[in-house]
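Have a look at the structure below before the remarks.
Per chain, numbering begins at 1; letters A, B, ... match sequence-line order. The structure displayed is predicted, hence computed values, not measured ones.
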Protein chains: 2
Amino acid sequence: MQRTLVKNSIDLVNQTIKLQGWVDSIRDHGQVIFFELRDRTGKVQVVGDKSLKSISTEDVVEIIGKVAKRPENMINAELATGEIEIQLESFTILNKCGEMPFQINTDGKDINEEIRLKYRYLDLRRARMQQILRLRSQFIEACRQYLFNNDFVEVETPMLTKSTKEGARDFVVPSRFQPGKFYALPQSPQQYKQLLMTAGIENYFQIARCIRDEDLRADRGFEFTQLDLEMSFVKREEVMQMIEAMVKKAVKEVGGKLKDENFPVISYREAMEKYGADRFDLRSEEEKKEGKLAFAWVVDFPFFKQVNKEDAAEVRDSKSGWTFTHNPFSQPKDEFLQDHLQGKNIEKILTTQYDLVCNGYEVGGGSIRAHNSEVLAQTFKIMGYNEQQIKDSVGHMMEAFKLGTPPHGGIALGLDRLIMLLSQENSLKETIAFPMTSSGRTAVMDAPSTLSEEQFKELGLQLRGFGSLNTASILEKIKTFLTQEKIEFHSFTHEPVFTCEQAAKVCNEPLASGAKSLVLKADGKAIMVVVSAADKLDLKTFKKLYNYKDVSMADKQMLKDVTGLESGAVPPFGSLFNIPTYVEENLLKQPEINFNAGTHTDTISIKPSDFAKIEKAEVGNFAK
Amino acid sequence: MQRTLVKNSIDLVNQTIKLQGWVDSIRDHGQVIFFELRDRTGKVQVVGDKSLKSISTEDVVEIIGKVAKRPENMINAELATGEIEIQLESFTILNKCGEMPFQINTDGKDINEEIRLKYRYLDLRRARMQQILRLRSQFIEACRQYLFNNDFVEVETPMLTKSTKEGARDFVVPSRFQPGKFYALPQSPQQYKQLLMTAGIENYFQIARCIRDEDLRADRGFEFTQLDLEMSFVKREEVMQMIEAMVKKAVKEVGGKLKDENFPVISYREAMEKYGADRFDLRSEEEKKEGKLAFAWVVDFPFFKQVNKEDAAEVRDSKSGWTFTHNPFSQPKDEFLQDHLQGKNIEKILTTQYDLVCNGYEVGGGSIRAHNSEVLAQTFKIMGYNEQQIKDSVGHMMEAFKLGTPPHGGIALGLDRLIMLLSQENSLKETIAFPMTSSGRTAVMDAPSTLSEEQFKELGLQLRGFGSLNTASILEKIKTFLTQEKIEFHSFTHEPVFTCEQAAKVCNEPLASGAKSLVLKADGKAIMVVVSAADKLDLKTFKKLYNYKDVSMADKQMLKDVTGLESGAVPPFGSLFNIPTYVEENLLKQPEINFNAGTHTDTISIKPSDFAKIEKAEVGNFAK
């Protein structure tokens, strides 16, 4: 017998049908047992006898039964199939369900994220998550349909590629064929899509997977998907019109509600004056309640800005103190082209950039691109690049621009964010089937994880620093590491010593040059504090200095757990044990530092400057 | 004035239009100059006066002109617009084209691959490549349309994920948040798509980007794209029927020709008997000429096979000598389920696998999956995994199977290969916009490339072995490396020596224990040959043994270029200089090996077994 889908059962009254799906909820009335059977199309009530006692919720079942109209007073108006029920004739449990780690008949938002994502395959069974996944699929296809109808070609660009200037960190991929060298994962297909314009594709798009090594936030991971698009022979307004028409059509097709049929176009300056930001929310309270989407365009952004010294990428990418606000591949607006080419009035140059905003979020951004190598080179010149640096950064693009590249422009829309707004969610993670946890672990599967020694060898890589030496004894680790870092050291083997005083005596060194390594428990966590053997730790000052509430000496067990060593044998490197190190300044003023190296019989001596070089410690005054 | 597309110009006789595109070919008749203007829709002839002298082929131009009917005898039947020409009124060069590295009016197959891919953006302008890119876009969309019409949901699965058992090497991605740990790039979405069945999606598909670190071949790179699909509550024949219908429809939509309206279904045994292979070409010579596609299904494969000891992945994945033929997640055929569960008659167990073949290629493969944790565990048990190993490998899948996973099955179609066959090409690279070169370099851009020291630090990584010590002297490098690898060595500093005889004397060691390091030029490339100082290299034997045509001593300059050292100071490690090492067996029979370590005054002594451990050399008999 063919399977019937739940949604079709209502049209088959008095017929015997086969249904397959999950047991959604059970009501046990003794002799009569009801349950709702759920498949991808909905739920329907099944009525059976006590043979149904063996089923549990979320079991996967196949049932055969007769479709019967319910009496008037039993109709369930909340269910699409509420006018019928299935009178069970036989059933098979296709797969039993064990104990569920959480319920799936809620919205799931109160469940710990790690647990939700570990069991994401259950979490996705929620009606809310099912709706989002289907909405996502439908919305993207609606956009695609619009683009195909407008003569676009979908082209895939490489996943293993070269680092490009996109203003964030690349994820890199070691090459086995060229050990020690790395590919980069794409932050966006920016350069490839421009090269497709050089190739004469004219109308390109891609649902592009992009990956950036950005600092994680609760609501996003490393991966995102953008609708990436580029067109040849277009002006700014043509791209904006095309995108606006596509977005409106796709939003409506999936049942979204627009505030404005025509998206307002607002200049950056006006936006900053009116809303204090270039992403703003145009909805009234009423419109927010109605779930409306308020799109708007922002245009006429400054091309350049002064580098934010706290942004590592900006500092790295700029050599003059100027950096781009949005995209170094953009074309300045016509009226600023001369200033751009002459490097004049840099702060006043406006770019052809256009951002699409919605409900307070930026959901897309694009521009008309420089298609002339001189204009592109000048952008980097303003950022302080010399000719060689320009060639190294964008030489291949400049070469392409000299071989018949048409004027072109495009945009990238953040699909995750659009889906988030369409489904009225607050987190990008809700729009992704298997997002990462906020700590960067993959959903369900346990990654990242370690590599085998064989893999490290094939890739020509090894772990760095102490971590690279994880089979050696502490003494060996320290010696090998010091050798490797080319740090001069002396090591003494001597009779067993258990105090700094004994050590100083046996090594014939002044007490003050001895490093006393203390493992402390600070607000519940282990830390390493290193003071000169001639000093005492001033606990009160230390606590105040580093803002700890509760600090005490680690007990024997904790010391053992953290370092594997006994008191009196601990070297002054917290990094060896993955705990932070604090060092008292007096110690660093000694001509040399002597320390225990994992045993009671070995002392190593190095220069304070070398200590500072290899151990990234907090230095402070906390001796008494 | 709005742009007119070339293909529409034919309908606008006597009107003045604006065209934008590339100058395709020029005929200069002195006072009258003709050129063909090309855009994405075709070519049209433009007629102008000598003002056109400034244009060159592949310039990007905008022209305004009047559409005129050509006289009867001037009609070009080979051109879609051959009945008209454009009488030029004005033109603008939007971007000049410099000298092209190659012509684009050929099929391009005779051009060196590195050059073709360096300028891929020009290579793609060829009519052939344009057709392939458009065919690819259309074919994929036709498949998608079919699936949407059959109630499928498109879901994206993660790019940063965990290593899975797919029978090839993973590319890995170092984590900055957890230095020393790695994500894997997906070889396929196999596990995630099965988990989507657990999630109740029922009908999933994805145009999935897959990445495998396989040995490169001339016709393929590391990346491929598959149409990945999974369905719940299905039998083998239902998946096959669905896919067959989709492929037929999509092939026809893009103008492909099928040999058979119904794909033959052939058992693995029959295929091997009849064709000697499980991928075979059913076309006649006639059908090959007509460009027909001969699809067929192959079914009833053995589930397991004996490990091929030369396949590293098979050796790694199996612990019993048995490994899977296609997919460890498959369900055995019903009639073999008992044998499977009992681990009996392993060689006779048939799997539910189905392969789709076409014109001698495998273009897809799938199966009904195990959805019961016991069946999956048993597959790994047959491969010799113990309980802990099974848990580590597929524990998360077994857990999901116990929480209401429905019966399911699916398939993955190789889209690159399908497009290759549809476009009658021989290489997968012809179907990909920006493929890698055969040496694993990215098209256009220069990757893989080195990382900055800052990036290495952030990722907790460093280069391995000698490469990790690139600032030290050769002597320091060797000493540090030996220390790091915990290899016992003795080093002597002595008066300068320039021959092995002198060195043996000054170190008071037997001559035979001295390693004579020779840098040779073998078929134009530098190699390192190491023989005992008591032996002489037998060049004739060496050449024959390693199949070299021309081998001679490197001259002084080559020695300097390769090693930076003088003759008599070269240590026996080719790897220090990135050249291969060949070592004569007699040397390894000595109780120890003494060698120069980059100077004339230092000799280092190590055990032959340690030498073999750190230098991966070819060992042979080539002394005289």
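For chain B, the option among A:T157, A:D123, A:I140 with the highest count of heavy-atom pairs below 4.5 Å is A:T157. Chosen from B:A184, B:G21, B:A199, B:A443, the residue pairing most often with chain A at heavy-atom distances under 4.5 Å is B:A199. In terms of heavy-atom pairs under 4.5 angstrom with chain A, the leader among B:P174, B:S175, B:P101 is B:P174. Counting heavy-atom pairs closer than 4.5 Å to chain A, the top-ranked of the candidates B:N372, B:L195, B:I432 is B:L195. Considering only heavy-atom pairs separated by less than 4.5 Å from chain B, the leading option among A:A433, A:G440, A:A400, A:G221 is A:A400. Comparing A:A447, A:P406, A:G404 by heavy-atom pairs within less than 4.5 Å of chain B, the highest count is held by A:G404. When the candidates B:E58, B:R126, B:Q130, B:R120 are compared by the number of heavy-atom contacts under 4.5 Å with chain A, B:Q130 comes out ahead. The candidate with the highest count of non-hydrogen atom pairs below 4.5 Å against chain B, out of A:K402, A:K479, A:M159, A:E62, is A:M159. By number of non-hydrogen pairs under 4.5 angstrom with chain A, the leading residue of B:T442, B:L133, B:L451, B:V155 is B:L451. Chain A forms the most heavy-atom pairs under 4.5 Å with one residue out of B:L94, B:T450, B:V23, B:I104, and that residue is B:L94. Chain B forms more heavy-atom pairs under 4.5 Å with one residue of A:Y183, A:F148, A:F456 than with any other, namely A:Y183. Contacts with chain B were tallied for A:L160, A:V61, A:L122; A:L160 has the most, counting heavy-atom pairs under 4.5 Å.
With a threshold of 4.5 angstrom between heavy atoms, A:M197 approaches chain B through N, CA, C or O but not through any side-chain atom. Proximity to chain B (any heavy atom under 4.5 Å) is shown, for A:F434, by both the backbone and the side chain. Within the 4.5 angstrom heavy-atom criterion, atoms from both the backbone and the side chain of B:F233 approach chain A. Looking at A:Q206, the atoms closer than 4.5 Å to chain B (heavy atoms on both sides) all sit in the side chain, from C-beta outward.
With sequence neighbours left out, B:R3 forms a salt bridge (charged side-chain N to carboxylate O under 4.0 Å, His left out) with A:E202, B:D39. Shown here are the side-chain hydrogen bond (donor to acceptor under 3.5 Å, both in side chains) partners of A:K96, two or more places apart in sequence or in another chain: A:S56, A:D59.
Rounded to the nearest 0.5 angstrom, B:I207 CD1 and A:E156 CD are separated by 8.0 Å. Distance check, rounded to the nearest 0.5 Å: CD of A:Q145 to CD of B:Q145 gives 4.5 Å. The NE2 atom of A:H396 sits 9.5 Å away from atom CG of B:D446, with the distance rounded to the nearest 0.5 Å. We find the CD-OH distance between A:E399 and B:Y119 to be 4.0 Å, quoted to the nearest 0.5 Å. Note that the CZ atom of A:R125 and the OG1 atom of B:T198 stand 6.5 Å from one another [nearest 0.5 Å]. To the nearest 0.5 Å, atom CZ of residue B:F152 and atom OG of residue A:S137 are 11.5 Å apart.
Not one N or O on the side chain of A:E223 forms a donor-acceptor pair closer than 3.5 Å with the backbone of B:P158.
Partner of A:F171 under the side chain to side chain contact (heavy atoms under 4.5 Å, CB included) criterion, chosen from B:L459, B:L185, B:V173: B:V173. When the options B:R144, B:Q138, B:R136, B:R134 are evaluated for a side chain to side chain donor-acceptor pair (under 3.5 Å) with A:E154, the one that passes is B:R144.
The shortest heavy-atom contact between A:R40 and B:I201 is CD-O, 4.0 Å. Across all non-hydrogen atoms, the minimal contact from B:V60 to A:P407 is CG1-CD, 4.2 Å.
The number of heavy-atom neighbours closer than 6.0 Å to NZ of B:K118, taken from other residues, nucleotides and ligands shown, is 12 or below.
Using a 4.0 Å cut-off between charged nitrogen and carboxylate oxygen, A:D215 and B:R176 count as a salt-bridge pair.
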